[in-house]
Protein chains: 2
Amino acid sequence: MKTIGKLAKELGLGVETIRFYEREGLIKQPQKPQNGYRVYDDSITKQLQFICKAKALGFTLKEVASLMSMDGDCAKVESLGLQKLSLIQSKIADLQRLEVVIKEMTNSCRNNNDQSHCPIIDSLK
Amino acid sequence: MKTIGKLAKELGLGVETIRFYEREGLIKQPQKPQNGYRVYDDSITKQLQFICKAKALGFTLKEVASLMSMDGDCAKVESLGLQKLSLIQSKIADLQRLEVVIKEMTNSCRNNNDQSHCPIIDSLK
DNA sequence: GTAAACTCCGTAGATAGGTACGGAGTCAAT
DNA sequence: ATTGACTCCGTACCTATCTACGGAGTTTAC
């Protein structure tokens with residue numbers, strides 16, 4: 001059993017962040033004894049770690065809530081995962097196209113001897 | 001010479017967006033004749049297209065302003081470009097790592113016969 | 001026993017890049 | 001001359017994810 005500060009420290013989160021997740025419905029407000037302080041047991045740690053991991057995978061908080069609520073339904077979870085996967089893949093493709101363009105631009109910059117014009121600026125014009 | 005609405009339509013931007021760019025210092029407020037309406041000549045079109053293209057390359061509005069102000073300085077522009085390039089490359093790498101993880105997860109989901117557990121949920125726990 | 005550290009709550013602010021609104025004035029077409 | 005479309009300005013609102021603040025009560029350490 002620990003108070004919010006200990007929990008936050010343990011997980012590397014801010015106290016405000018945990019209260020925020022509570023407000024957003026990701027976690028439940030725990031029992032509060034006479035003094036009004038939140039008191040957490042160990043199960044909350046798993047839940048918050050779940051949230052952090054899913055977030056790191058690029059799920060939004062809403063999606064995380066969704067994941068948590070579809071607890072056993074593998075098909076639904078898989079479908080959300082596949083959706084996320086295709087989003088990630090198209091983001092990768094976009095960025096790779098960008099990478100090529102910017103590479104070309106900076107290359108032409110490096111080969112530029114005309115100090116009165118920058119090929120990057122010119123190509124954007 | 002055109003008013004803001006025509007200009008916006010021509011570029012596929014919102015009127016408010018142009019006013020917003022003006023407030024942010026990306027473009028200058030043009031002369032306004034007796035009626036108080038903004039009147040633009042063709043040079044503004046180039047400037048706004050520059051902004052749109054640079055934005056599409058992943059530059060923030062602040063960076064776009066920066067690019068526009070370093071007008072001829074090729075070395076500076078190149079350095080901003082290289083910086084952006086390495087940001088893009090590390091984003092790509094991050095996403096590719098993510099892609100692998102999510103692929104593995106959805107695969108294990110597809111091969112799952114145990115309806116009481118979802119491997120994705122389990123792996124996040 | 002007192003001072004520091006912790007907690008409570010609700011609300012405001014930050015970030016980026018817009019988007020929307022309201023009320024008033026102006027312009028263009030019929 | 002009237003109607004509808006356009007413009008003005010300032011400000012508020014939007015998404016997402018926190019982060020900070022203020023004032024009051026509580027717990028802990030010395």
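Given the structure is predicted, the values throughout are model-derived calculations rather than measurements. Order of the sequence lines fixes the chain letters, A, B, ..., with proteins taken first and strands second; residue numbering starts at 1 for each chain.
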- Task: With sequence neighbours excluded, tell me which residues meet side-chain contact (heavy atoms from CB on, under 4.5 Å) with A/Q34.
- Result: none
- Query: Which residues satisfy the salt bridge (charged side-chain N to carboxylate O under 4.0 Å, His left out) test with B/E24, sequence neighbours excluded?
  - Reply: none
- Just the endpoints, please: which first and last nucleotides of DNA chain C, 5' to 3', lie under 4.0 Å from a heavy atom of chain A? C/dC6 to C/dG10
- Here the gap from A/I51 atom CD1 to A/M68 atom CE, rounded to the nearest 0.5 Å, amounts to 4.5 Å
- Query: For B/Q47, which residues count as a side chain to side chain donor-acceptor pair (under 3.5 Å) partner, sequence neighbours excluded?
  - Reply: none
- Task: Enter the distance from B/L85:CG to A/N107:CG here, rounded to the nearest 0.5 Å.
- Result: 9.0 Å
- Query: Which part of the nucleic acid, if any, lies within contact of A/E22, taking any heavy atom under 4.0 Å across all strands shown: a base, the sugar-phosphate backbone alone, or nothing?
  - Reply: nothing
- What are the two closest non-hydrogen atoms of A/A8 and A/V15, and how far apart are they? CB-N, 3.8 Å
- Query: Has the side chain of A/S79 got a donor or acceptor atom that lies under 3.5 Å from a matching backbone atom of A/A75?
  - Reply: no
- Message: Counting neighbours of NZ on B/K2 that are heavy atoms of other residues, nucleotides or ligands and sit closer than 6.0 Å, is the number greater than 12?
- Response: yes
- Determine the contact category for A/E63: base if any of its heavy atoms lies under 4.0 Å from a base atom, sugar-phosphate if only primed atoms, P, OP1 or OP2 are that close, otherwise nothing. nothing
- Under 4.0 Å from any atom of DNA chain C, heavy atoms only: list the residues of residues 8-15 of chain B that qualify, in numerical order. none
- Message: Is it the case that over 12 heavy atoms from other parts of the model lie below 6.0 angstrom from the CD atom of B/Q29?
- Response: yes
- Sorted by chain and residue number, the salt bridge (charged side-chain N to carboxylate O under 4.0 Å, His left out) partners of A/E78 (sequence neighbours excluded) come out as none
- Treat primed atoms plus P, OP1 and OP2 as sugar-phosphate and everything else as base, then score nucleotides 25-30 of chain D 5' to 3': B for base contact with protein heavy atoms under 4.0 Å, S for sugar-phosphate contact only, - for none. BBS---
- Starting at the 5' end of nucleotides 10-17 of chain D, put B wherever the base has a protein heavy atom under 4.0 Å, S where only the sugar-phosphate does, and a dash everywhere else. B-----SB
- Item | Value rounded to 0.5 Å, distance of CG in B/L7 from CD1 in B/I18 | 4.0 Å
- Item | Partners passing salt bridge (charged side-chain N to carboxylate O under 4.0 Å, His left out) against B/R97 (at least two apart in sequence or in another chain) | B/D94
- Note on the structure: Cluster membership besides A/V39, Ile/Leu/Val/Met/Phe/Trp/Tyr side chains within less than 4.5 angstrom, sorted by chain and number, is A/M1
- Measure the spacing between NZ of A/K55 and CG of A/L26 and express it to the nearest 0.5 Å. 10.5 Å
- When you measure from every atom of DNA chain D, which of residues 79-94 of chain B have a heavy atom less than 4.0 Å away? none
- Task: Return the set of residues passing salt bridge (charged side-chain N to carboxylate O under 4.0 Å, His left out) with A/K103 (not counting sequence neighbours), or none when no residue passes.
- Result: A/E99
